[in-house]
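Please read these numbers as outputs of a predicted model, since none were measured by experiment. Whatever order the structure lists ligands and atoms in, that order sets their numbers, starting from 1. Residue numbers run from 1 in the order of the sequence given.
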Amino acid sequence: MPLIVQKFGGSSVADTQKILAAARKAIRAQQEGNQVVTVVSAMGDSTDDLIDLAKQISDNPPAREMDMLLSTGEQVSVALMAMAVHALGSKAVSMTGAQMGIETSSVHGKARINTIRSDRLKKALDAGNIVIAAGFQGIDENFNITTLGRGGSDTTAVALAAVLGADACEIYTDVDGVYTTDPRLLPEARRVKQISYDEMLELASLGAGVMHSRSIEFGKKFDVPIHVRSSFTDIPGTMIVAQGEAPNQAVCGATLVKNEARITILGLPDVPGSSFSVFSKIAAKNVTVDMIVQNVAADGRADISFTVVRDELAATLKAVEEAVAELGAEGFTSDENVSKASVVGLGMASQTGVAQRMFRSLADAGINIQMITTSEIKISVLVDREQGPAALRTVHQAFELQKPPANAVTEVSTASQSAHAIASPDAAADVVARLQNVQGMEDLTIDDIQLDDSQARLTISGVPDAPGIAAQVFEQIARDGIFVDMIVQSFGRNGKANLSLTVPRDALTKALTTAGELAKKFSCGPISSAPKVAKLSVSGIGMRSHTGVAIRMFRALAEAGINVEMINTSEVRVNVVVDGAKGAAGLAALQKAFADTVR
Ligand code: ADP
Ligand code: ASP
Ligand code: MG
C-alpha cells in the first residue's frame, strides 16, 4: 500500500479548529488508499513560550532540561491531533520521538538522528492507524530526550519518509510553497513550482526559514521528493527534487539574514595553522562561523574576517580574545549591525557576469558592500543592517526573480529524478544498504575531494570602501569574457578593502591589465597575483552543518605545512586556495584527513 508522510507546522496546528482541519487532510489521504504518518510541530508559538518560561527561571538552564521542556510542545499537539482523528471517526495513535525509535546523538538542542527503528511505527500503520508523530524530538542512547534544533520537525518528516520508503512527503505550512525570497519581506516574491535539493539547501542555510536545512540533506541523501504546500488550500505547492525550475538558471532565489555580526582579527601571523587555531577555539564554544574571508597576507600578517549570528557574538569574542593573545595578532574589531544578503542558483557556476549584475544593482542603489564571499552556487554580501531590506529588494529585482524563467520546465516533477531514483530495484537496494550501513543517518558523507590547478589569483589591495567599485571591476572583467571563479572581498582597514579573485591561468595577463587600469582610476593600492594557485575542494552532504569540516581541512593542511590563501564554503562544498606548488601535497593531506567519511 502506498505510504504518505505529512507534516503540519506550528501555525497549521495553532488552534483546535486548525488541528481538526489537519486531521481531515490526514483522513482524506488514508481514504484515498494510503498509509499515513502525520508529523506535527508544537502549536503556534508554544515553543517560544516554553523558552520564555525557562528564561524566567534561569539565563543558562541545563541543556538536558531544556529539551525535556521543549519536547512537551509536540507532545501536546500529537495527543490533540490523535483525538481529532478519533473524533472524526478514524483510528489514530500518537507517538513521541522515543516511542517511534528515533535515536539521536546526545547534543541537546542540536541532536542529529542516528537511526530510526521503525518497527513500532509499521505495526501501528499495519493495524490501520494514522500514526501521529511528534516532530523535532528523539532520544539518545541513555534515554535522554533530545531535540533536533529549531524548525526540526521538517527533518523528522523527511527522515521518516526516507526510512519508511514513503511515496510522498508533504510539508504543510502557512505559505503555499517555496518563494524566490521570503514573501513576508518582499510581496513581489514569486512561488516556484520546482527547486533542486542543492539550491533549496543553500537557500535554507542562507536564511530561507521555510525549511529546516537538515531536512533537505535527508531529501538529497535518500532521494525523497518533498512537496511544500499550504495547509489552508489545496493548490499544488513547490516540489523539492533533483532538478531545478529551469535548466542553467543563474539565480533562483535570494535571502537575507538580518542579524549578523562581523569580527575581524587584525594582523594574524600568516603561518600554517593560525586559522585552524582561531576556528577551533570558536568551535569549542559551539558557535558556527559563517562567512570567512582572509586577506592575502602582506609582511607576513593577514587580517581575517568572519561573521556569526548576532546572538553568538559575546561567546565568539571570548574565543577571539584568547586567540589574539595566544597567536600574537595585533587585535580585533567587531560590528554587530550587519546583515547578509545572498543569491543562489546552480547555473551561476557556468556563466559570466552574475556577480557583476549583483554588485551593479547594489551600487546603483547606493548600498556599500562590506564583505563578499562566493561559492559555485551562491554569492553573499555583507551590508549595513539598515540597508539589508533594500539590498534584498535590489538583488531580487536585478535578477527579475518576480518573473518566471523563460525556459522553465513545463512538467513539474513529483518524483525524484536523480541518478539513484528509487524507481529502479537496484537503486532501492542501494538506499536500503546506505541506510543500514551508515553509522548515523545524518553523518557527514564526503563524495569527492578534488584538486584544480588550472587557476591564477589576482588581488587588488587598498580598494576604497565605497559603493560601485566591485561592480566596475567585475563589469570590465566580464566584458573581457573572463570567467571568474572565487571572489573574496575582505573587510578593510581605514576604509580600504582587498578584493581577490581567481581566473583561468591563461586569462591572468588580460585580467591584470584590466585590474591595473581600474586600480589607477580608483587610486587603489598595489595589485598582487599568483600565476598558479591550487584550489582544493571537499564536497559532500552536511558540509556546513557539520562545523568540523572546515576545521578538519585547516588542521590537515597546517600539519602538512601548507598555508591557506583563500577560503569559501557552501552547503555542499568547502574550497581553499593554496600555493600552486603545494596542490598535490594538499590533496594527499585532505584525502588522508577525510578517509573515514568518503562514501
Ligand atoms: P512552519 O511552522 O509550518 O514550520 P515556518 O514559519 O517555519 O512554518 O516557515 C514558513 C515561513 O517561512 C513562511 O511564513 C515565510 O514567511 C518564511 N519563508 C522564508 N523564506 C521563504 C521562502 N523563500 N519561501 C517561502 N516562505 C519563506
Ligand atoms: N516546535 C519546534 C520549533 O518551534 C520545531 C518545529 O516547529 O519544527 O522550532
Ligand atoms: Mg518550520
Side-chain angles (χ1 to χ4, degrees), residues 6-14 18 22 25 38-52 66-67 69-78 96-97 102 109-111 133-138 145-160 170-195 199-216 226-232 237-238 240 245 251-258 341-345 392 395-396 401-402:
Q6 299 181 325
K7 177 248 165 181
F8 292 90
S11 46
S12 309
V13 291
K18 288 188 173 140
K25 278 204 154 69
T38 303
V39 176
V40 279
S41 292
M43 294 171 69
D45 296 330
S46 61
T47 307
D48 290 328
D49 297 342
L50 291 168
I51 293 172
D52 281 348
M66 234 15 231
D67 278 356
L69 178 69
L70 296 193
S71 66
T72 63
E74 271 69 14
Q75 201 169 330
V76 169
S77 48
V78 284
T96 63
I102 301 192
K110 284 187 188 171
F136 169 64
Q137 53 176 268
I145 292 178
T146 53
T147 64
L148 309 181
R150 294 305 305 271
S153 297
D154 297 328
T155 295
T156 306
V158 183
L160 285 173
E170 299 178 331
I171 305 290
Y172 287 94
T173 181
D174 62 355
V175 45
D176 56 9
V178 176
Y179 279 66
T180 49
T181 194
D182 187 343
R184 280 195 230 192
L185 296 180
L186 275 197
E188 68 261 39
R190 179 179 60 83
R191 180 163 54 88
V192 302
K193 292 189 177 138
Q194 178 170 330
I195 188 165
E199 287 166 321
M200 190 66 233
L201 191 53
E202 203 63 37
L203 285 170
S205 96
L206 291 171
V210 61
M211 291 296 290
H212 195 227
S213 69
R214 280 161 49 197
S215 69
I216 311 299
I226 302 168
H227 187 180
V228 181
R229 57 193 307 190
S230 164
S231 329
F232 313 119
T238 301
I240 307 173
E245 187 185 27
V251 171
C252 71
T255 60
L256 179 70
V257 180
K258 283 190 192 145
S342 311
V343 297
V344 170
L392 180 69
V395 299
H396 195 270
L401 294 178
Q402 69 284 2

Any idea which protein heavy atom is nearest [atom], and the distance to it?
| atom | value |
| --- | --- |
| atom 6 (O) of ligand 1 | Arg184 NH2, 4.5 Å |
| atom 6 (C) of ligand 2 | Ser153 OG, 3.4 Å |
| atom 27 (C) of ligand 1 | Val210 CB, 3.5 Å |
| atom 8 (O) of ligand 1 | Thr173 OG1, 3.2 Å |
| atom 7 (O) of ligand 2 | Ser41 OG, 3.1 Å |
| atom 2 (O) of ligand 1 | Gly10 N, 3.1 Å |
| atom 9 (O) of ligand 2 | Arg150 NE, 2.7 Å |

**Message:** Any atom of ligand 2 sitting under 4.0 Å from a heavy atom of Gly9?
**Reply:** no
Original post:
Under a heavy-atom criterion of less than 4.0 Å, does Gly152 contact ligand 2?
Top reply: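 Judged by the 4.0 Å heavy-atom criterion, Gly152 does count as contacting ligand 2.
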So if I count the atoms of ligand 1 from 1 in the order they appear, which ones are less than 4.0 Å from some heavy atom of Val178?
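Those of ligand 1 that fall under 4.0 Å from Val178 are 24 (N).
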Going by the order shown, which atoms of ligand 1 are within less than 4.0 Å of some heavy atom of Gly209?
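Every atom of ligand 1 under 4.0 Å from some heavy atom of Gly209: 7 (O), 9 (O), 12 (O), 19 (C), 20 (N).
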Classify the contact between [X] and ligand 1 as side chain, backbone, both or neither, using a heavy-atom distance cut-off of under 4.0 Å.
| X | result |
| --- | --- |
| Lys7 | side chain |
| Ala189 | neither |
| Thr181 | backbone |

Find all atoms of ligand 2 within a distance of less than 4.0 Å from any non-hydrogen atom belonging to Gly151, and give their numbers and elements.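 Listed by number with element, the hits are 3 (C), 5 (C), 6 (C), 8 (O), 9 (O).
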How far apart are the closest heavy atoms of [X] and [Y], and which atoms are they?
| X | Y | result |
| --- | --- | --- |
| Ser205 | Ser213 | N-CB, 4.1 Å |
| Thr181 | Ala254 | OG1-O, 2.7 Å |
| Glu188 | His396 | O-CE1, 4.0 Å |
| Lys7 | Ala157 | CB-CB, 3.7 Å |
| Ala134 | Glu74 | CB-CB, 4.0 Å |
| Thr173 | Phe232 | O-CE1, 4.4 Å |

Straight-line distance of [X] [atom1] to [Y] [atom2], nearest 0.5 Å:
| X | Y | atom1 | atom2 | answer |
| --- | --- | --- | --- | --- |
| Leu392 | Asp182 | CG | CG | 8.5 Å |
| Asp67 | Thr146 | CG | OG1 | 6.0 Å |
| Ile195 | Ile226 | CD1 | CD1 | 11.0 Å |

Is there any N or O on [X] that sits under 3.5 Å from an N or O of ligand 1?
| X | result |
| --- | --- |
| Val175 | no |
| Tyr179 | yes |
| Asp174 | yes |

Nitrogen or oxygen atoms of [X] and ligand 2 under 3.5 Å apart:
| X | value |
| --- | --- |
| Lys7 | no |
| Glu74 | yes |
| Phe136 | no |

Atom 20 (N) of ligand 1: which of Leu185, Thr238, Asp182 has the nearest heavy atom?
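Ranked by closest heavy atom to atom 20 (N) of ligand 1, first place is Asp182.
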* Asked: Should Arg150 and Asp48 count as side-chain neighbours, where that means a heavy-atom distance under 4.5 Å?
  ->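 With C-beta onward as the side chain, the pair touches.
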Report task. Could you check if a side-chain atom of Leu203 sits within less than 4.5 angstrom of a side-chain atom of Val210, using non-hydrogen atoms only? Result ->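 Side-chain contact under 4.5 Å: no.
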Check: Under 3.5 Å, is there a donor-acceptor pair between the side chain of Gln137 and the main chain of Gly97?
Finding: yes
Practice task
Examine distances only and state if a side-chain atom of Ser77 and a backbone atom of Ser41 form a donor-acceptor pair shorter than 3.5 Å.
Solution key: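 Yes; at least one donor-acceptor contact below 3.5 Å.
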>> Just checking Lys25: does its NZ atom have more than 12 heavy atoms from other residues, nucleotides or ligands closer to it than 6.0 angstrom?
In response: yes
Has [X] got any heavy atom lying under 4.0 angstrom from an atom of ligand 1?
| X | result |
| --- | --- |
| Gly177 | yes |
| Arg191 | no |
| Ser41 | no |

Q.
With a 4.0 Å cut-off on N to O distance, would you call Asp174 and Lys18 a salt bridge?
A. no
Practice prompt. Determine whether the side chain, the backbone, both or neither of His212 has a heavy atom under 4.0 Å from any heavy atom of ligand 2.
Written response: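 Near ligand 2, His212 shows nothing, with every heavy atom at 4.0 Å or more.
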